[in-house]
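All heavy atoms count here, side chains included; hydrogens, waters and symmetry mates do not. Computed from a prediction, not measured in an experiment: that's the story for all the values here.
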Amino acid sequence: MVDPKGFLKTPRKSRPRRPAAERVSDWHEVYAGQDLLPVVTEQAGRCMDCGVPFCHSGCPLGNLIPEWNEYASQGDWRAAAERLHATNNFPEFTGRLCPAPCEDSCVLAINSDPVTIKDIESTIADQAWDRGYAPEQPPQRLSGKTVAVIGSGPAGLAAAQQLTRVGHTVAVYERADRIGGLLRYGIPEFKMEKRHIDRRIDQMRAEGTKFRTGVDVGRDVDAAELRGRYDAMVLAVGATAWRELPVPGRELTGIHQAMEYLTLSNRVQEGDYDAPPVTAEGKHVVIVGGGDTGSDCLGTAIRQHAATVTQLDINPEPGEGRRDDEPWPTYPKVYRISHAHEEARDGAGGDPRIFASATLRFEGDERGGVRSLHLAEVEPEHRRPLPGTERVIPAQLVLLALGFSGPEQDDGLMDQLGLELDGRGNVARDARFTTTTDGVFAAGDAGRGQSLVVWAIAEGRAAAAAVDRYLTGSTVLPAPIGPADRPLTA
């Protein structure tokens with residue numbers, strides 16, 4: 001701890017976002033650049049270097065937060081980068097995308113404002129790249145063992161990089177035309193520019209990882225045959241089976257799954273389309289779902305110049321502070337404003353969300369397109385519609401952001417490998433990340449269910465340690481979590 005009274009003398013100051021009116025006119029990241037090192041070093045000096053740092057408990061990666069906070073407060077970016085990368089393969093991803101449960105478990109958060117851990121993390125990561133402190137780490141020797149990783153999201157990439165660095169020959173198979181999974185096509189450019197992914201892929205290629213795009217394992221190639229060509233296999237296919245909304249009128253045109261919409265928008269940024277095949281421009285847009293994916297759709301629709309955007313959340317509006325049943329250091333359900341909500345409020349003057357509401361049915365026009373949405377208030381406990389509260393809002397584009405139920409099961413991969421599912425519809429696995437098929441491991445959302453990017457990376461690192469031990473009998477790779485570990489709760 002550089003200054004024992006830093007947290008008393010320095011108030012919390014988050015990295016500023018660009019003005020909403022400015023950022024909605026482009027697709028660049030919402031933050032005002034990384035030229036704020038004096039601010040970040042001051043904020044890092046607020047860390048108390050607790051004897052028991054509960055931020056570790058809030059982060060499944062076990063990030064060494066007090067250590068890299070101290071180095072950042074001193075401006076020692078090389079040492080900060082080394083400590084940051086000791087537990088996290090992709091801190092530039094988590095620093096931009098993770099909702100930072102570590103901040104809610106910061107000891108300062110008991111009765112004050114927590115350290116701006118997320119801002120410090122992303123700044124260290126960017127400084128590491130800018131200053132050359134994130135070099136390739138090719139293995140000193142090869143093990144002679146081969147591993148196939150199916151899926152190139154954060155879990156798959158983390159597992160692949162860890163296994164490559166200890167000497168195994170790793171090939172990553174991705175069904176899309178580009179590497180990155182939902183990082184590539186599910187996360188909007190304004191939330192994380194794809195140059196960050198491209199830079200990591202270049203690094204991994206230089207270390208020796210092989211990439212095979214456009215290969216849908218289970219359809220294009222038999223999964224069992226592929227397993228036979230490798231000494232081990234890691235399934236990191238995610239939980240991409242989206243949830244449906246079975247209400248009258250669902251068949252109308254203009255109603256799309258959120259990931260369909262976001263993927264097409266991201267492909268415009270990749271140069272695949274001049275304009276998105278599905279656009280919000282000039283339309284009344286309704287987003288069904290109050291989570292992060294819904295917020296991503298909101299920011300995208302605003303940038304596509306929607307006439308209006310409304311987001312429906314079936315949950316009641318949360319309060320400003322922790323409830324009694326959500327004590328520190330758990331991650332609380334409090335009223336939060338994402339950058340997309342801020343943008344909507346700047347343009348319309350109010351929160352675009354309607355809380356405690358459920359969709360009853362859709363109404364169409366004479367051409368079979370959606371025209372309006374009927375909704376009703378719901379009771380908080382059972383989420384049943386309340387009689388007499390029904391109303392109608394215009395809807396020319398409806399985006400379903402209802403989350404995911406688990407990995408897809410119609411692509412042949414599960415059957416070809418003889419895999420079993422657990423009670424929640426995820427790939428069944430034991431305490432060593434091993435599935436019911438020998439030599440096949442499951443990592444990330446495929447085994448855990450829909451979760452956060454920080455959990456996916458932790459899963460990839462832990463599964464890599466399990467694979468290394470399976471192949472060689474021992475491992476030096478860290479295993480930050482187990483398959484059954486869950487976020488901290490009361």
Side-chain angles (χ1 to χ4, degrees), residues 59-64 81 83-98 121-122 125 128-129 134 136-139 147-174 179-184 186-187 192 196-211 232-239 427 429 432-433 440-471 475-483 485:
C59 176
L61 283 166
N63 280 333
L64 306 172
R83 301 314 290 150
L84 181 57
H85 283 94
T87 56
N88 189 349
N89 296 74
F90 314 119
E92 65 272 30
F93 299 172
T94 53
R96 286 169 168 82
L97 304 178
C98 182
E121 177 182 20
S122 61
W129 282 108
E136 298 90 357
Q137 298 180 38
V147 182
V149 176
I150 315 303
S152 67
L157 292 179
Q161 186 167 63
Q162 292 291 92
L163 290 167
T164 296
R165 287 177 171 180
V166 293
H168 304 307
T169 300
V170 181
V172 178
Y173 289 81
E174 169 57 52
I179 295 296
L182 291 185
L183 290 174
R184 173 75 62 180
I187 301 297
M192 185 180 75
H196 300 294
I197 305 174
D198 296 336
R199 188 166 52 187
R200 280 294 179 185
I201 298 307
D202 290 342
Q203 179 192 62
M204 293 178 66
R205 282 198 173 100
E207 292 172 346
T209 303
K210 310 298 181 184
F211 294 96
M233 176 181 284
V234 178
L235 297 182
V237 295
V427 178
R429 54 189 186 171
R432 296 166 295 179
F433 291 88
V440 179
F441 300 77
D445 290 1
R448 173 170 295 274
Q450 183 182 357
S451 190
L452 303 176
V453 61
V454 68
W455 280 92
I457 296 173
E459 285 251 344
R461 289 171 66 86
V467 172
D468 187 37
R469 184 177 290 105
Y470 171 81
L471 294 175
T475 186
V476 296
L477 292 176
I481 60 172
D485 289 346

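Under a 3.5 Å cut-off, the side chain of R96 and the backbone N or O of M192 do not form any donor-acceptor pair. Side chain of E136 to backbone of E207: no donor-acceptor contact under 3.5 angstrom is found. Judged by distance alone, the side chain of R469 and the main-chain N or O of T475 form no donor-acceptor pair under 3.5 Å.
Rounding to the nearest 0.5 Å gives a distance of 9.5 Å between CD1 of I201 and CD of Q203. Interatomic distance, CG of L157 versus CZ of R200, reported as 10.5 Å (0.5 Å rounding). Atoms OG1 and NE2, on T209 and H168 in that order, are 12.0 Å from each other to the nearest 0.5 Å. From I457, atom CD1 reaches atom CG of N89 across 7.0 Å, with rounding to the nearest 0.5 Å. To the nearest 0.5 Å, atom CG of residue N63 and atom CD of residue E121 are 5.5 Å apart. From T164, atom OG1 reaches atom NZ of K210 across 9.5 Å, with rounding to the nearest 0.5 Å.
Of all the heavy atoms in D468 and V476, the pair that sits closest is OD2-N, 4.1 Å. L163 and A464 make their closest contact through CD2-O, 3.4 Å (heavy atoms, listed as atom of the first residue, atom of the second, distance). Heavy atoms only, all atoms of each residue included: S152 and G180 are closest at OG-N, 2.9 Å. Listed here is the closest heavy atom pair of A458 and I481: CB-CD1, 3.8 Å. Contact detail for G449 and A239: the closest heavy-atom pair is C-CB, 4.4 Å. G482 and F433 get closest at one heavy-atom pair: C-CZ, 4.0 Å.
Contact of the P154 side chain with the L183 side chain is registered, since non-hydrogen atoms from C-beta on lie closer than 4.5 Å. Counting heavy atoms from C-beta on, the side chains of T87 and P478 never come closer than 4.5 Å.
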Item to check | Residues I197, E92; criterion side chain to side chain contact (heavy atoms under 4.5 Å, CB included); working and verdict | outcome: CA-CA 9 Å; I197 305 174; E92 65 272 30; over 6 Å; no

Checklist entry - Can you list the steps and then say if E174 with F211 is a side chain to side chain contact (heavy atoms under 4.5 Å, CB included)? => result CA-CA 8 Å; E174 169 57 52; F211 294 96; over 6 Å; no

Next on the checklist: Applying side chain to side chain contact (heavy atoms under 4.5 Å, CB included) to F93 and H196, what does each step give before you reach the verdict?
Outcome noted: CA-CA 8 Å; F93 299 172; H196 300 294; 4.2 Å; yes

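Applying the side chain to side chain donor-acceptor pair (under 3.5 Å) test to pairs two or more places apart or on separate chains, those with a residue in residues 443-456 are R448-E459.
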